[in-house]
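The structure under discussion appears below in the form of structure tokens.
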Amino acid sequence: MAFIENQKMDKTINNLLSRQNYLVTQANDLAKSFGNLTTFEHKVLDYCFSFVKAEDTQDHKYVVQMLDIIRHLGLNKSGKNYQRVGEAFLALNTKTAIYMRTYKNGKNGIIMTSLFDYIEIVEDGKIEFQFSQKVAPYVFELKQNFYSFKLSELANVRSKYALTLLKLWNANSFGKLNQATIKGSLMDWEMWFLGTDEDGKPKKWSAGRFKQRVLTVSINELAKLYPKTSFVITTQKEGRKVTGYQLDITPINIMLDF
């Protein structure tokens, strides 16, 4: 009976771990975990990450002003935009679930947490937040080693897909926007850019639609922002079926060195 119960528990844990959009095992994974966010929500999250300092501890509390976020995003001071920022924080609270694998006493397990421990919004426009203590080390590592953007640079990106691709590029070139190769299955790419449904499964588009509306759009936008860079996408297939993509990003000055 105990054996059957253990099998059921193992199956439950494996099903939870299959929600790869949430599974974080290293800081780089955190950069791929927010496919469900809109462009606006991404930029509000970027603003939150910008407050992280190397010396911060896991229990550090951050305080920002809603008006500063509104100004940073180039919006006018209006009740509508205050509401928009508030709703973005609501989304960050609900859309940033994180699953982390554990191993205790010879047993596999899973921690279900979220990016934020809490977010407090006060009527004077002050916002206080704290990252989850379980996730905070990954946030600090991501900011220090991978997340090297200036806020102004991120603010120039218009589409969610280009913003996601920029972060993937940065994470895969260790924070230098240098030469990088991003490779994954079609499901991986859909997960990174489209996020998941209510059951935690990656949203699915046809390969043609995904390439045209996501990859082509994001590559074209980044190519305009970084004109001295080559973006080459290779479609991987099994027969006629598209199984994934490989994106090779190469600064032109590196290409000239060969």
Side-chain angles (χ1 to χ4, degrees), residues 22-75 81-82 84-100 111 113-122 124-157 160 162-178 180 192 225-226:
Y22 303 123
L23 184 60
V24 172
T25 58
Q26 57 184 352
N28 201 357
D29 291 335
L30 201 60
K32 306 173 183 177
S33 299
F34 307 123
N36 283 343
L37 300 182
T38 66
T39 303
F40 190 80
E41 292 159 2
H42 265 287
K43 292 186 177 184
V44 172
L45 179 59
D46 296 335
Y47 192 85
C48 294
F49 278 165
S50 74
F51 282 80
V52 175
K53 303 292 188 297
E55 64 273 14
D56 289 348
T57 58
Q58 294 183 21
D59 59 353
H60 190 88
K61 296 179 175 64
Y62 301 89
V63 176
V64 301
Q65 293 295 328
M66 194 174 288
L67 181 57
D68 291 337
I69 299 175
I70 289 172
R71 287 171 174 166
H72 163 69
L73 295 173
L75 304 174
N81 286 327
Y82 274 97
R84 192 178 176 194
V85 172
E87 290 174 348
F89 274 99
L90 175 63
L92 292 182
N93 184 56
T94 58
K95 292 184 181 180
T96 55
I98 301 292
Y99 287 11
M100 306 175 73
I111 294 175
T113 183
S114 60
L115 180 61
F116 293 95
D117 181 47
Y118 74 89
I119 300 172
E120 180 184 26
I121 301 178
V122 184
D124 63 359
K126 183 179 77 173
I127 300 173
E128 181 178 295
F129 62 87
Q130 183 177 358
F131 294 111
S132 164
Q133 291 195 6
K134 293 291 185 181
V135 181
Y138 298 103
V139 175
F140 299 156
E141 185 182 349
L142 184 68
K143 175 68 187 297
Q144 182 177 350
N145 297 329
F146 303 100
Y147 215 87
S148 63
F149 300 109
K150 296 178 181 178
L151 278 176
S152 58
E153 190 170 5
L154 290 169
N156 289 331
V157 182
K160 164 190 171 177
L163 193 58
T164 299
L165 182 55
L166 182 61
K167 293 177 182 179
L168 287 173
W169 176 16
N170 194 54
N172 281 274
S173 61
F174 300 95
K176 297 180 180 179
L177 290 184
N178 209 326
W192 298 336
L225 292 173
Y226 301 92

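The backbone N or O of N178 lies less than 3.5 Å from a partner atom in the side chain of W169, making a donor-acceptor pair. Not a single donor-acceptor pair under 3.5 Å links the side chain of K134 to the backbone N or O of S114.
Taken to the nearest 0.5 Å, the CG atom of L163 stands 10.0 Å off from the OG1 atom of T38. Atom-to-atom distance recorded for D46:CG and L166:CG is 9.0 Å, nearest 0.5 angstrom. Annotation: the span from N81 atom CG to M66 atom CE amounts to 11.0 Å, rounded to 0.5 Å. The CG atom of D124 lies 11.5 Å from the CD1 atom of I121; values are rounded to the nearest 0.5 Å. The structure places CG of L92 at 9.5 Å from NE2 of H42, a figure rounded to the nearest 0.5 Å. L115 contributes atom CG, which lies 8.5 Å from atom SG of C48 (distance to the nearest 0.5 angstrom).
A side chain to side chain contact (heavy atoms under 4.5 Å, CB included) with R84 is found for one member of V44, L75, I70 and no other, namely L75.
Residues passing the side-chain contact (heavy atoms from CB on, under 4.5 Å) test with Q65 are D68, K126, sequence neighbours excluded.
At least one side-chain heavy atom of Y82 sits less than 4.5 Å from a side-chain heavy atom of L67. Residues F51 and D56 have side chains not in contact (no heavy-atom distance under 4.5 Å, counting atoms from C-beta outward). In this structure the side chain of Y138 never reaches within 4.5 angstrom of the side chain of I98, judged on heavy atoms. Annotation: side chain of L45 is not in contact with side chain of E41 (no heavy-atom distance under 4.5 Å). In this structure, Y47 and L73 have side chains that are not in contact, with every pair of non-hydrogen atoms separated by 4.5 Å or more. Looking at heavy atoms from C-beta onward, V63 lies out of side-chain contact with K61 at the 4.5 angstrom threshold. In this structure, F34 and T164 have side chains that are not in contact, with every pair of non-hydrogen atoms separated by 4.5 Å or more.
Inspection of the K53 and H60 side chains reveals no N or O donor paired with an N or O acceptor under 3.5 Å.
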Exercise for the section: Run the numbers on D59 and Q133 for side-chain contact (heavy atoms from CB on, under 4.5 Å), then give the verdict. Expected result: CA-CA 7 Å; D59 59 353; Q133 291 195 6; 4.1 Å; yes
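Aromatic rings from F116 and F131 are positioned such that their centres are separated by under 6.0 Å.
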